[in-house]
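Here's the structure we're looking at; comments come further down.
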Amino acid sequence: MNASPHDSMVELLSADGPDPDHAEALMLYGRLVGTWDIGNRYRFPDGVWRTAAGEWRFGWALGGRVVQDVLFCPDFMGRFPGTTVRMYDVTTGLWRITWISPKLPSYFTQVGRPDGAGGMVQEGVDAEGRRTRWTFSEVTQDSFRWQGFTQTPEGGFDLFQEMHAKRQS
C-alpha cells in the first residue's frame with residue numbers, strides 16, 4: 001500500500017481483514033472483531049466491587065496482523081477508554097499484547113495463546129511488575145467472558161475484573 005499525504009492516520013492503521021498468509025492463526029483473536037456490549041465488574045483499591053455497562057470494539061489493524069480494541073466504560077469514573085494491541089508473531093505463533101489506558105494511567109504487556117478449551121489466555125506484567133493473567137472463556141460467535149487476574153503477595157492470582165460480552169454487530 002502506498003500512503004498518500006492525504007491518508008488519515010486511522011486509514012493507515014486500519015485493515016479490512018486478516019493477513020491472508022496467516023488468516024487461520026489470526027482468527028484466535030480475529031473472531032472478536034466487531035462491537036460488543038459489556039457488563040463490567042471491577043474491584044477498586046478499597047476492595048469494593050462496582051459494576052458498569054460499557055462497549056468493547058475490536059478491529060483489524062496494521063496490515064491485518066494486529067487485532068486492536070478500544071474498551072469504553074464511562075461509569076467507572078473516567079477509568080476508560082483504553083486500548084489493547086494484539087500482534088500475531090509469525091516467528092513464534094504467539095501473540096504480543098500491550099494494553100494502555102492513559103487516563104489511569106495503566107500499562108500491561110502480555111503474551112497470548114490458545115487456552116486449549118476454545119478460549120485464550122494472556123500472561124505478563126503490569127506497570128508495577130506484578131504478574132498478570134487475562135482470560136477469554138466461553139467464547140461463541142455472540143458472547144464471551146473475560147477475566148483479569150493479578151498476582152497476590154503469596155504468588156497466586158486474584159480476580160480483579162470480570163466482563164461478560166454480547167455481540168452488537
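The figures that follow rest on heavy atoms only: side chains count, while hydrogens, waters and symmetry mates do not. From a predicted model like this one, the values you see are computed outputs, not experimental measurements. By convention here, the first residue in the shown sequence is residue 1.
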Just wondering, more than 12 heavy atoms not from [X] lying within 6.0 Å of its [atom1]?
X	atom1	result
D16	CG	no
R57	CZ	no
E24	CD	no

Non-hydrogen atoms of [X] and [Y] that approach each other most closely:
X	Y	answer
E128	D126	N-OD1, 2.9 Å
C73	N40	SG-ND2, 3.6 Å
A15	G64	CB-N, 3.4 Å
P81	P102	O-CD, 4.4 Å
I38	A165	CG2-CB, 3.8 Å
P18	M27	CG-SD, 4.3 Å

(message) Looking only at the side chains, is there a donor atom on one of T91 and D89 sitting less than 3.5 Å from an acceptor on the other?
(response)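 The answer is yes; a qualifying pair exists.
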
(request) Quick one: pull up CG in D142 and NZ in K166 and give me the separation to the nearest 0.5 Å. (result)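 Here the interatomic distance stands at 8.5 Å.
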
(request) Nearest 0.5 Å please: distance from the OH atom of Y42 over to the CD atom of Q161. (result)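 Answer for the OH-CD pair, Y42 versus Q161, is 6.0 Å.
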
(message) Among residues at least two apart in sequence or on other chains, which ones pass side-chain hydrogen bond (donor to acceptor under 3.5 Å, both in side chains) with D158?
(response)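 Counting only residues at least two positions away or on another chain, D158 forms a side-chain hydrogen bond (donor to acceptor under 3.5 Å, both in side chains) with R43.
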
(request) Go through the structure and list residues passing side-chain hydrogen bond (donor to acceptor under 3.5 Å, both in side chains) with Q68, not counting sequence neighbours. (result)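 For Q68 the side-chain hydrogen bond (donor to acceptor under 3.5 Å, both in side chains) partners, ignoring immediate neighbours, are T83.
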
(request) Determine, stepwise, if the pair Q147 / S137 fulfils side chain to side chain donor-acceptor pair (under 3.5 Å). (result) CA-CA 8 Å; Q147 292 180 298; S137 62; 4.9 Å; no

Please say yes or no: joined through hydrophobic side-chain contacts below 4.5 Å, possibly via intermediate residues, are [X] and [Y] part of one cluster?
X	Y	answer
W49	F44	no
V67	V90	yes
W99	V125	no

Side-chain heavy-atom pair [X], [Y] within 4.5 angstrom cut-off:
X	Y	answer
I97	T84	yes
T92	R113	no
W36	R167	yes
L32	D69	no
T135	F149	yes

(message) Go through it in stages, so that I can follow the logic: the residues are R31 and F144, the test is side-chain contact (heavy atoms from CB on, under 4.5 Å), and I'd like the CA-CA distance, side-chain angles, deciding distance and then a yes or no.
(response) CA-CA 11 Å; R31 61 192 162 151; F144 65 84; over 6 Å; no

(request) Start with the C-alpha distance between F108 and T98, add both sets of side-chain angles, then the distance that settles side-chain contact (heavy atoms from CB on, under 4.5 Å), and finish with yes or no. (result) CA-CA 6 Å; F108 291 76; T98 301; over 6 Å; no

(message) Apply the hydrophobic cluster definition, ILVMFWY joined by side-chain contacts under 4.5 Å directly or through others, and give me every member besides L13.
(response)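 Answer for L13: L62, V66, V85, M87.
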
(message) Over 60° means perpendicular and under 30° means parallel, so tell me whether W56 and F58 are parallel, tilted or perpendicular.
(response)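 Tilted: the ring planes of W56 and F58 meet at 30° to 60°.
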
(request) Identify whether the distance between the nearest side-chain nitrogen and carboxylate oxygen of R145 and E162 falls below 4.0 Å. (result)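 E162 and R145: salt-bridged.
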
(message) Quick one, F136 with L28, criterion side-chain contact (heavy atoms from CB on, under 4.5 Å). Give me CA distance, side-chain angles, the key distance, then yes/no.
(response) CA-CA 11 Å; F136 288 84; L28 180 66; over 6 Å; no

(request) Could you tell me whether R86 sits above the aromatic face of W95, with NZ or CZ closer than 6.0 angstrom to the six-membered ring centre and within 45 degrees of the axis? (result)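 Geometry flag: not set, cation outside 6.0 Å or 45°.
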
(message) Test side-chain contact (heavy atoms from CB on, under 4.5 Å) on W134 and M120; report intermediate values, then the result.
(response) CA-CA 8 Å; W134 295 357; M120 301 82 97; over 6 Å; no

